[in-house]
Amino acid sequence: MSLVLYNDLTRRKEPFVPVKEGHVGFYSCGPTVYDYFHIGNARPFIVFDVLRRYLEYIGYTVTFVQNFTDIEDKMIARANREGITVRQLADRFIEEYYRDADALGVRRATHNPLATEHMDEIIHLVSTLIEKGHAYEVDGDVFFNVGSFPKYGSLSKQSIEELQSGARIEVNERKHHPLDFALWKSKKEGEPSWPSPWGEGRPGWHIECSAMSMRYLGDTLDIHSGGTDLTFPHHENEIAQAEAATGKPFARYWIHNGYLLIDKEKMSKSLGNFLTARAALEKYPGRAIRFFMLSAHYRSPINFSEDSLLQAKSAMERLDNCWSDLRYAIDNRKKADGSGSPEILSAFTALEEKFRAAMDDDFNTAAAIGILFDGVKTVNTYLKENEPLDGKVLDAAVEFFRRLDSVMGILPAEEAREDGTEIEKLIAERNEARKKKDFRRSDEIRDELAARGIILEDTPDGTKWKKKT
RNA sequence: GGCGGCAUAGCCAAGUGGUAAGGCAGAGGACUGCAAAUCCUUUAUCCCCAGUUCGAAUCUGGGUGCCGCCUCCA
């Protein structure tokens, strides 16, 4: 049993074999930091974070690189509009990116390179392309010569002619061919620029990813990922730039996540039908959003809706309840270290194997979540039907969830237990009242706590409390 | 015009040849002072048609519907 993933290069599932045994170089296209990212952008961040975690879970050392595009038309436009520099704009939204990504449980990348900090690599790559006859300069602009790269179109499975026939590209007479794209743009009034052999200017959008990915991961990456809308032209162009320069395969596996739809339509900034992740996070817990994203296969489209998010939230709460019941059992319920109940221990082992099989099959997170819930059922039933509880089983259950969650990242963070002295006092008072059958008073206390977001549960072993999600 | 995706219960969603995971919601029951949580029971023949096969949601062909890429876009 080993990892198989769907490679867009070949349009089929392939066994995963990295260039260097035991190591994975993984590049994922990151955001242009001109605004908050929207919930559709959040999908690749979350989904590829899980892929990265899974690769680590099965033993790989992963170098995960995700860029920030910090120089680009929209950056310039917005900075000008706000009367700040492009640098200031980038700094601000990089910070905002981290804030939202953190809230969504996305682990920090190994490297988050910035285009503006890799001008040497970019210029060097452009120069190489010119030297090798794959690019040409026109008055300070440099274009990639698509005709010089026969493989062009191989990722999107389109020939140059086909791409061109449907194209809605503006005619630019300085280009030799309509599909030629800019590697370097000459400076225009009011734009930041960098010196280059072709004069002052700035890089085109596609070149940074080729330059920076190779800078951190070598000429051949193991995995390159991004949203499916990047397949053409962005990724096609990345391949052309990199392979024309190095003569080596640029990335072994190309994986693209499906769109997030809203009202059955693609969510995008240009359509204006977007919801920022920030706004979504004000409405739903980050873990619920994450759960929602993982509840479908990463290549399928998913539809974002109030209802979907509420469903995800309820489902997540079932998981949370089980987890907190388990912790409560360990802290408060009598336990004995017994034989370890072999049947249950092996049930956990079997479930983890199923989890692995699901994830090995092109990262089937939806199936993986199903297995997580099989674990929930196993634990709940065990907690209900066994007395005394066997410490070994409880520990195995915790271990099971911890291991799976190291990949999924949807369980609540281990937070320092907050001081519950006052809550405990009220609970004691309520239980006194209950003993005297003064249910009016006891319900009053329960309502009072509920208003503060504390939910009580009366169990045979006493009253437990938890905070509302 | 070229390329691609999707169609599974009220809702979300796995499953890609052997008689449908999981979750949400609903119904009934157990437990509870009442709740909450939990457990038990219960809810589908897989868009349509034709074909291949002993056997198809799963393969083939033809429809229908929805979505996307070919332009900045995750």
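A, B, ... follow the sequence lines: proteins, then strands. Residue 1 opens every chain.
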#### Entry: Phosphate OP1/OP2 of B:A37: any A:Arg318 side-chain N/O under 4.0 Å
no
### Query
Which nucleotide in the set B:C34, B:U38, B:C70 lies at the smallest distance from any side-chain heavy atom of A:Arg446?
B:C34
### Task
Name the nucleic acid region contacted by A:Tyr259, choosing base, sugar-phosphate or nothing; use a 4.0 angstrom heavy-atom cut-off, strictly under.
base
### Query
Of the candidate nucleotides B:C70, B:C3, B:G33, which contains the atom at the shortest distance from the side chain of A:Leu163?
B:C70
### Query
Just checking A:Lys269: base, sugar-phosphate only, or nothing, at a heavy-atom cut-off of under 4.0 Å?
nothing
### Summary
From the candidates B:C3, B:A25, B:C72, the one with an atom nearest any side-chain atom of A:Ser314 is B:A25
### Candidates B:G33, B:A14, B:A74 - which lies nearest the side chain of A:Arg43
B:A74
### Interatomic distance at C1', B:G1 relative to B:U16, whole Å
31 Å
### Task
Taking only Lys NZ, Arg NE, NH1 and NH2, and the carboxylate oxygens of Asp or Glu, determine whether A:Asp49 and A:Arg53 approach each other closer than 4.0 Å.
yes
### Query
So with a 6.0 Å cut-off around NZ of A:Lys354, is the heavy-atom count from everything else above 12?
no
### Task
Identify whether any heavy atom of A:His38 sits under 4.0 Å from a base atom; if not, whether one sits that close to sugar-phosphate; answer base, sugar-phosphate or nothing.
base
### Query
OP1 or OP2 of B:G23 sitting under 4.0 Å from any side-chain N/O of A:Lys313?
no
### Query
Say you pick atom C1' in B:C54 and the same atom in B:C69; how far apart are they, in whole Å?
43 Å
### Message
Distance check, P atoms only: B:A20 and B:A44, in whole angstrom units.
### Response
11 Å
### Task
Quote, to the nearest angstrom, the P distance that separates B:A57 from B:C47.
10 Å
### Query
So, A:Tyr97 and A:Gln66: side-chain donor and acceptor under 3.5 Å apart, yes or no?
yes
### Message
Under 4.0 Å, counting only non-hydrogen atoms across every strand here, what does A:Lys377 touch: a base, just sugar-phosphate, or nothing?
### Response
sugar-phosphate
### Length of the line joining A:His234:NE2 and B:C70:C1', which is rounded to integer Å
17 Å
### Message
Classify A:Asp73 by what it touches in the nucleic acid, base, sugar-phosphate, or nothing, heavy-atom distance under 4.0 Å.
### Response
nothing
### Task
Quote, to the nearest angstrom, the P distance that separates B:C24 from B:U41.
16 Å
#### Entry: Rounded distance (Å) that lies between atom P of B:G15 and atom CE of A:Met359
13 Å
### Euclidean distance for P, B:G68 against B:G51 (whole angstrom)
35 Å
### Message
Distance criterion of 3.5 Å, no angle test: do you see the side chain of A:Asp458 paired donor-to-acceptor with the base of B:C34?
### Response
yes
### Query
Nearest of B:A74, B:G23, B:G2 to any side-chain atom of A:Gln158?
B:G2
### Task
Please state whether the base of B:C6 and the side chain of A:Arg299 form at least one donor-acceptor pair under 3.5 Å?
no
## Note on the structure
Result for 5'-nearest mapping on RNA chain B, choosing between A:Lys74 and A:Ala296, is A:Ala296
### Message
Rounded to whole Å, please give me the gap between CZ in A:Phe232 and P in B:G2.
### Response
17 Å
### Query
More 5' along RNA chain B: A:Asp374 or A:Phe439, using each one's nearest nucleotide?
A:Asp374
### Task
Using the P atom on both, measure B:C66 against B:U8 and round to a whole Å.
15 Å
### Task
Ignoring the backbone of A:Asp229, work out which of B:C3, B:C39, B:A74 is nearest its side chain.
B:A74
### Task
Would you name the heavy atoms of A:Asn431 and A:Arg434 that are closest together and state the gap between them?
OD1-NH1, 3.1 Å
### Query
Given B:A74, B:C72, B:C24, which nucleotide is nearest the side-chain atoms of A:Pro233?
B:C72
## Note on the structure
note: A:Lys464, atom NZ; B:U32, atom P; distance rounded to Å ~ 18 Å
### Query
Are A:Lys464 and A:Tyr328 in a cation-pi contact, defined as NZ or CZ under 6.0 Å from the six-membered ring centre and within 45° of the axis?
yes
#### Entry: Base B:G33 to side chain A:Asp443, donor-acceptor N/O within 3.5 Å cut-off
yes
### Task
For the residue pair A:His297 and A:Asp362, confirm or rule out a side-chain donor-acceptor distance under 3.5 Å.
yes
### Query
Which is true for A:Lys437 with a 4.0 Å heavy-atom rule: it touches a base, it touches only sugar-phosphate, or it touches nothing?
nothing
### Query
Which part of the nucleic acid, if any, lies within contact of A:Gly40, taking any heavy atom under 4.0 Å across all strands shown: a base, the sugar-phosphate backbone alone, or nothing?
base
### Any strand: nucleotide that pairs with B:G1 via Watson-Crick or wobble, under 3.5 Å
B:C70
### Query
Below 4.0 angstrom from OP1 or OP2 of B:A14, is there any side-chain N or O of A:Ser300?
yes
#### Entry: Rounded distance [0.5 Å steps], CG in A:Asn237 versus NE2 in A:His206
4.5 Å
### Watson-Crick or G-U counterpart of B:C31, or none if no pair lies under 3.5 Å
none
### Task
Report which part of the nucleic acid A:Asp307 touches: base, sugar-phosphate, or nothing (heavy-atom distance under 4.0 Å, all strands).
sugar-phosphate
### Ring-on-base stacking B:G22 with A:Phe373 (under 5.5 Å, under 30°)
no
### Query
With a 4.0 Å cut-off on heavy atoms, is A:Ser308 in touch with a base, just the backbone sugar-phosphate, or nothing at all?
nothing
### Task
Take the protein atom CD1 of A:Ile302 and the nucleotide atom P of B:G5, then report the distance between them rounded to whole Å.
19 Å
### Task
For A:Leu260 and B:A13, give me the distance from atom CG to atom P, rounded to whole Å.
11 Å
### Task
Find the partner of B:G51: check Watson-Crick (N1-N3 plus N6-O4 or O6-N4) and G-U wobble (N1-O2, O6-N3) distances, both under 3.5 Å, and reply none if neither fits.
B:C59
### Task
Could you tell me whether the side chains of A:Asn380 and A:Thr378 share a donor-acceptor contact shorter than 3.5 Å?
no
### Query
Who does B:A7 pair with, Watson-Crick or G-U, both distances under 3.5 Å?
B:U64
### Query
What nucleic acid atoms does A:Leu372 come within less than 4.0 Å of, heavy atoms only: base, sugar-phosphate, or nothing?
nothing
### Task
For nucleotides B:U58 and B:C49, find the distance between their P atoms and express it as a whole number of Å.
12 Å
### Summary
note: A:Asn380, atom CG; B:C39, atom C1'; distance rounded to Å ~ 8 Å
### Message
Going by purine N1 to pyrimidine N3 plus the second Watson-Crick contact, or the G-U wobble pair, all under 3.5 Å, which nucleotide sits opposite B:C46?
### Response
none
### Query
When all nucleic acid strands are considered with a 4.0 Å heavy-atom cut-off, which category describes A:Leu383: base, sugar-phosphate, or nothing?
nothing
### Query
If you measure only the distance, is there a donor-acceptor pair under 3.5 Å linking the side chains of A:Glu243 and A:Tyr152?
no
### Task
Would you check if there is a donor-acceptor pair between the side chains of A:Thr32 and A:Glu72 at a distance under 3.5 Å?
no
### Task
Between B:C39, B:C12, B:G5, spot the one nearest the side chain of A:Gln311, thanks.
B:C12
#### Entry: Rounded interatomic separation in angstrom, taking CD1 from A:Ile369 and P from B:C12
16 Å
### Task
Have a look at A:Arg441 and say if it touches a base, only the backbone sugar-phosphate, or nothing, with a 4.0 Å heavy-atom cut-off.
nothing
### Query
Base, sugar-phosphate, or nothing: which does A:Asp325 touch, judged by heavy atoms less than 4.0 Å apart?
sugar-phosphate
